[in-house]
Each structure stands twice: as structure tokens, then as C-alpha cells.
Colleague: 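I have a structure here, written as C-alpha cells, and I will follow up with some questions on it.
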Amino acid sequence: MNWRKPVASCLAAAALAAGAGLVLTAPAAQAEPSNYRFDFGDGPVEKGYTGVSATDAYTPERRYGFNTPGQMANVPAKGAGVGSDAVRFLEFGTKSTNTFNVDLKEGLYRVSVTLGDTSRASIAAEGVFQEMNLTGNGAKASFEIPVTDGQLNLLVTEGKVGTAFTLSALEIEKVSRHPEMDPTIWVGGDSTVASYYPLESSIQGGWGQMLPQFVDPAQFDVRNMATGGQIARGFRNDGQLEAILRYIKPGDLFLLEMGINDTAAKNATTEAEFKEIMRDMVRQVAATGATPVLVTPQGRATDFVDGVHSSVDRWYRHSTVALAAEEGIPLVDLNVLSSAYFTEIGPEATLALFMAGDTLHPNRAGATELARLVSEDLARQGLQ
């Protein structure tokens with residue numbers, strides 16, 4: 001039997017319905033989602049997640065998928081649940097077109113990532129870094145990002161040459177329909193500032209990682225772009241400053257701490273060169289209307305003489321202090337502030353704030369104290 005009604009009958013029925021005061025509407029098109037939960041790889045898909053294989057190409061109908069699936073591979077992972085498998089990016093780099101694409105309406109989104117098996121990898125989106133040097137298998141991080149062109153383009157990229165760059169899970173949540181980031185404290189620095197994973201329980205810590213504990217989240221978000229081994233030239237030229245300049249705006253702060261690695265002979269940076277590179281970075285940030293803040297590095301745990309800790313001659317500190325005065329920008333002299341604190345607690349307690357057998361890198365407790373000192377001085381200067 002043919003169940004299709006003749007067109008004339010349908011029109012007549014519509015006319016009768018209209019005469020009876022009824023309003024007929026066409027079926028609504030499927031709404032574009034604002035939230036997603038993706039489970040990557042070719043293993044079982046966790047409940048509440050959408051499974052994505054390395055072979056799944058982006059299509060407008062699906063609204064998500066890999067831009068170049070031929071440069072992706074399904075791989076196992078040592079985690080549980082969504083972390084039991086992953087996809088590996090065979091082509092990478094912040095400018096790579098080998099991205100996972102998701103159609104999203106204009107707005108501000110919170111993006112949460114879970115990596116697979118990888119010793120160190122960074123997250124890039126929209127052609128710039130978003131999260132730096134996630135370490136350890138199953139590392140997790142999240143960030144907010146404005147989407148203004150209708151699509152999020154994300155990839156996992158190089159944190160350390162020769163390591164795998166894998167993604168196990170991705171969650172996307174719409175925060176606001178306005179693509180405007182909250183006021184943000186951006187942080188640049190080296191291994192004494194960088195984040196270590198798991199963020200909530202790492203043994204080693206950087207003060208940039210711990211800073212959110214001392215910042216009112218209703219006033220500022222904190223984005224830590226610091227990485228271990230970094231020098232001023234590298235931070236400026238290799239993508240970290242580029243990412244900050246993409247998003248920084250009036251009302252934001254940019255805390256910049258460099259000098260420890262710049263003084264190493266292998267990095268071939270004279271103090272004069274260091275100062276001018278730092279000057280260039282703070283001027284670029286100031287031109288956006290944001291506020292650059294220079295921060296001096298703390299010294300070594302063993303910089304005690306007769307019970308007094310002092311590191312004022314380390315890490316090109318004098319040039320950093322002079323630059324702040326020359327440019328008329330705030331300075332957090334963490335070098336001096338931390339020395340006063342270390343002197344107060346004494347050599348033994350100071351050494352306990354650093355990694356075992358390491359007089360330079362703070363452990364989690366030490367990084368927390370350094371973050372406290374930075375925050376207190378920002379508050380003293382009316383910056384937070």
C-alpha cells in the first residue's frame with residue numbers, strides 16, 4: 001500500500017488546520033551542540049562520550065573530525081576508561097593543519113584534554129600554544145578559549161623532541177556566548193615557574209603552577225606559559241609570547257621571570273642582549289594595554305652566609321631591576337623577597353623547600369611559598 005498522500009490532499013489538510021487556528025511548522029534542524037565529550041582511539045567508548053577513531057575525517061554533517069586523518073594513528077594507552085587508548089599525531093607543530101576540528105558557535109569555551117602515553121607534549125589550538133609541556137602518561141589540563149570563526153582547531157604538539165604526541169579525551173563546554181576571556185594573569189618563565197603534572201599532586205612545582213591558590217578566581221584567571229630550560233630569546237621567538245599576544249588585553253597582567261638559563265654559557269646570551277630581549281617583550285605587551293610585570297628569580301637554597309640568604313648578584317637580576325625602572329613598569333623582586341623569607345626560616349628549612357639533591361628547583365611546598373610571595377607583592381602594589 002502507498003502511504004504517501006497526494007500533494008493536493010496535504011495542501012487541503014494544511015488549509016483546514018490553518019482555518020482551525022492551528023500553526024504548522026517544519027521540523028527543526030538539528031541544533032549545533034555547544035558541549036562535547038570525545039573518547040579517542042579504537043578501543044571501547046566510555047559511557048557519555050562520543051568515540052573518535054584516527055580514521056574519522058571531518059565532515060560538515062558530523063561537525064567534527066580530523067582535518068588530515070592520514071596523519072593520525074590509533075594507539076593504546078596505559079590509563080583506564082577514556083585513558084585506555086588514544087590517537088597519535090604524526091604531523092605536528094602549532095601551525096600544522098593536522099588538527100582535530102569541531103564546529104562551534106561563537107563564544108567562550110572551556111576545553112579539557114587528557115593525553116595518552118607521552119612523556120612531554122603541548123596543546124595548541126587556533127595556531128598557537130594553549131598549554132605547555134604536559135608531562136607523564138594521562139596528563140590532564142584545561143583552558144578557556146574564544147571561538148570566533150565557527151570552528152575549534154586543536155592538536156597535540158611537540159613538548160620534547162622525539163616523544164609521542166597523543167590525545168585520549170577531549171571535553172568542550174560553552175562558558176559564554178560572548179567570545180571574551182576573563183581578566184587573566186599570564187605567566188612566563190623557566191623551570192622554577194613552570195607547571196608539573198599531575199597538577200594537584202606533583203612532587204616538583206613551579207610558582208606559576210601554584211599561583212592560582214592565591215588569586216581570587218572572580219578577579220583573574222591564571223594562564224601559566226612557563227617551560228623548563230627556557231631563556232628570554234626562546235620565549236619571545238618560539239611561540240609562547242605569540243600565544244599571549246593573541247589573547248592578552250587591557251586589564252590583564254603579564255608576569256615575566258627570566259635569567260636563570262640566560263646566564264648559562266651554552267645559551268650564549270650576554271647580559272646586554274638579555275636586557276634588550278626582555279625590553280622588547282614588555283613593550284609588545286604594554287602596547288596591547290595590558291600591564292607587564294617583571295619578576296626576578298629566587299636564588300639557590302644554599303646562598304647563605306652567616307645565616308643570611310642573599311642572591312642579589314645572580315641571574316642577571318640587576319638588569320631586570322634596572323629595566324623595570326627604565327620602562328616604568330612594576331617589579332616583583334622575588335629574589336630579595338624569597339631571601340628574606342629563607343633567612344627567616346633558616347638554612348635547613350629552606351633546603352626542605354627544594355627538590356632532593358637539588359638547590360635550584362623548588363618542590364611543591366617551596367613553589368607554594370614562592371607563589372605566596374609573588375601574590376602578596378602584587379597585592380601590595382595594587383595589581384590584584
Side-chain angles (χ1 to χ4, degrees), residues 77-83 86 110-123 129-144 156-160 163-171 185-215 217 220-230 235 240 255 257-258 260-261 295 297-301 334 338 341-342 345 349-375:
K78 298 183 179 70
V82 294
R110 173 161 289 276
V111 175
S112 300
V113 297
T114 301
L115 300 189
D117 293 357
T118 180
S119 61
R120 187 184 301 173
S122 296
I123 308 301
F129 287 119
Q130 301 292 334
E131 291 288 332
M132 303 302 303
N133 284 10
L134 280 69
T135 52
N137 294 338
K140 298 180 180 181
S142 63
F143 57 91
E144 290 188 356
V156 184
T157 188
E158 188 171 298
K160 182 179 181 181
T163 60
F165 313 117
T166 63
L167 180 62
S168 279
L170 173 66
E171 298 184 21
I185 298 176
W186 300 87
V187 184
D190 51 42
S191 57
T192 66
V193 188
S195 295
Y196 298 87
Y197 297 80
L199 293 172
E200 299 77 15
S201 60
S202 59
I203 297 173
Q204 187 169 353
W207 64 253
Q209 173 185 354
M210 303 305 172
L211 190 61
Q213 298 180 33
F214 303 96
V215 174
F220 284 108
D221 289 341
V222 177
R223 292 286 291 273
N224 188 15
M225 302 299 289
T227 51
Q230 191 55 281
F235 193 89
Q240 286 151 283
L255 310 186
E257 180 262 50
M258 289 287 170
I260 293 177
N261 299 297
V295 184
Q298 96 285 339
R300 290 187 175 276
L334 181 61
S338 60
Y341 175 68
F342 296 154
I345 65 175
T350 295
L351 196 60
L353 295 176
F354 287 75
M355 296 293 289
D358 185 341
T359 64
L360 177 61
H361 295 99
N363 57 29
R364 190 176 186 87
T368 301
E369 293 299 334
L370 294 175
R372 175 183 61 81
L373 293 171
V374 171
S375 177

Colleague: Would you confirm whether Gln209, through its side chain, and Leu199, through its main-chain N or O, come within 3.5 Å as a donor-acceptor pair?
Modeller: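 It does hold such a pair.
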Colleague: Roughly how far apart are Asn261 CG and Asp190 CG, rounded to 0.5 Å?
Modeller: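 It is 5.5 Å, given to the nearest 0.5 Å.
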Colleague: If we ignore hydrogens and angles and just use 3.5 Å, is the side chain of Arg110 paired with the main-chain N or O of Glu171 as donor and acceptor?
Modeller: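 Not a single qualifying donor-acceptor pair exists.
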Colleague: If you compare all heavy atoms of Pro362 against all heavy atoms of Ala367, which two are closest, and at what distance to 0.1 Å?
Modeller: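 Closest pair (atom of Pro362, atom of Ala367, distance): CB-N, 3.6 Å.
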Colleague: May I ask you to check whether Arg372 and Gln213 show a side-chain donor-acceptor distance below 3.5 Å?
Modeller: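 No pair is found: no donor N or O on one side chain lies under 3.5 Å from an acceptor on the other.
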Colleague: At what distance, to the nearest 0.5 angstrom, does CD of Glu369 lie from CD of Gln298?
Modeller: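 It is 12.5 Å, given to the nearest 0.5 Å.
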Colleague: Check Thr135 against Tyr197 and note the closest heavy-atom contact, atom names and distance.
Modeller: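 Shortest heavy-atom contact: O-CB, 3.4 Å.
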Colleague: Is there side-chain contact between Phe220 and Leu211, with heavy atoms separated by less than 4.5 Å?
Modeller: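 Not touching, per the 4.5 Å side-chain cut-off.
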Colleague: Taking the side chain as C-beta and beyond, is there a heavy-atom pair between Phe143 and Asp221 under 4.5 Å?
Modeller: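 Not in contact.
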Colleague: Could you state the interatomic distance from CG (Leu334) to OH (Tyr341), rounded to the nearest 0.5 Å?
Modeller: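 Going from the CG atom of Leu334 to the OH atom of Tyr341 covers 12.5 Å.
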Colleague: How long is the straight-line distance from CD1 of Ile203 back to NE2 of His361, given to the nearest 0.5 Å?
Modeller: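 Reported value, rounded in 0.5 Å steps: 15.0 Å.
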Colleague: Nearest 0.5 Å, please: how far is CG in Asn133 from OG in Ser119?
Modeller: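 One finds 9.5 Å between OG of Ser119 and CG of Asn133.
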Colleague: Which atoms form the tightest heavy-atom contact between Val156 and Phe165, and what is the distance?
Modeller: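 Heavy atoms only, the tightest pair is O-CB, 3.7 Å.
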Colleague: Strictly distance-based, threshold 3.5 Å: is any side-chain N or O of Asn363 a donor or acceptor partner for the main-chain N or O of Ala352?
Modeller: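 Yes, because the side chain of Asn363 sits within donor-acceptor range (under 3.5 Å) of the backbone of Ala352.
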Colleague: Is the shortest heavy-atom distance from the side chain of Gln240 to the side chain of Thr227 under 4.5 Å?
Modeller: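 Touching, per the 4.5 Å side-chain cut-off.
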Colleague: Evaluate the side-chain hydrogen bond (donor to acceptor under 3.5 Å, both in side chains) criterion for residues Asn224 and Ser195: first the C-alpha distance (whole Å), next the side-chain angles of each, then the deciding distance (0.1 Å), finally the verdict.
Modeller: CA-CA 7 Å; Asn224 188 15; Ser195 295; 3.0 Å; yes
Colleague: Are the side chain of Thr163 and the backbone of Arg120 linked by a donor-acceptor contact shorter than 3.5 Å?
Modeller: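 Between the backbone of Arg120 and the side chain of Thr163 there is a qualifying donor-acceptor contact (under 3.5 Å).
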Colleague: I'd like to know if the side chain of Thr118 reaches the main chain of Ala164, judged simply by a donor and an acceptor atom lying under 3.5 Å from each other, with no hydrogens or angles considered.
Modeller: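 Yes, because the side chain of Thr118 sits within donor-acceptor range (under 3.5 Å) of the backbone of Ala164.
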Colleague: Which atom pair, heavy atoms only, marks the closest approach of Ser168 to Ala86?
Modeller: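 Answer, listing the atom of Ser168 first, then Ala86: OG-CB, 3.4 Å.
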Colleague: Verify side chain to side chain contact (heavy atoms under 4.5 Å, CB included) between Val193 and Gln230, making sure each step is shown before the conclusion.
Modeller: CA-CA 10 Å; Val193 188; Gln230 191 55 281; over 6 Å; no
Colleague: Starting at CE of Met225, measure out to CZ of Phe235 and round the result to the nearest 0.5 Å.
Modeller: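 These two atoms lie 6.5 Å from each other.
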Colleague: Output, in order, the C-alpha distance, side-chain angles, deciding distance and verdict of side chain to side chain contact (heavy atoms under 4.5 Å, CB included) for Ile123 and Leu115.
Modeller: CA-CA 10 Å; Ile123 308 301; Leu115 300 189; 3.8 Å; yes
Colleague: Taking all non-hydrogen atoms of both residues into account, name the closest pair between Arg364 and Ser201 and its distance.
Modeller: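 Taking Arg364 first and Ser201 second, the nearest heavy atoms are NH1-N, 3.6 Å.
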Colleague: What closest approach, in Å, do Gly83 and Ala77 show between heavy atoms, and which atom pair accounts for it?
Modeller: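 Taking Gly83 first and Ala77 second, the nearest heavy atoms are O-CB, 3.1 Å.
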Colleague: Report the C-alpha separation of Trp207 and Leu373 in whole Å, then their side-chain angles, then the decisive distance to 0.1 Å, and conclude whether the side chain to side chain contact (heavy atoms under 4.5 Å, CB included) test is met.
Modeller: CA-CA 9 Å; Trp207 64 253; Leu373 293 171; over 6 Å; no
Colleague: Ile345 vs Leu353, test: side chain to side chain contact (heavy atoms under 4.5 Å, CB included). Steps then yes/no.
Modeller: CA-CA 11 Å; Ile345 65 175; Leu353 295 176; 3.8 Å; yes
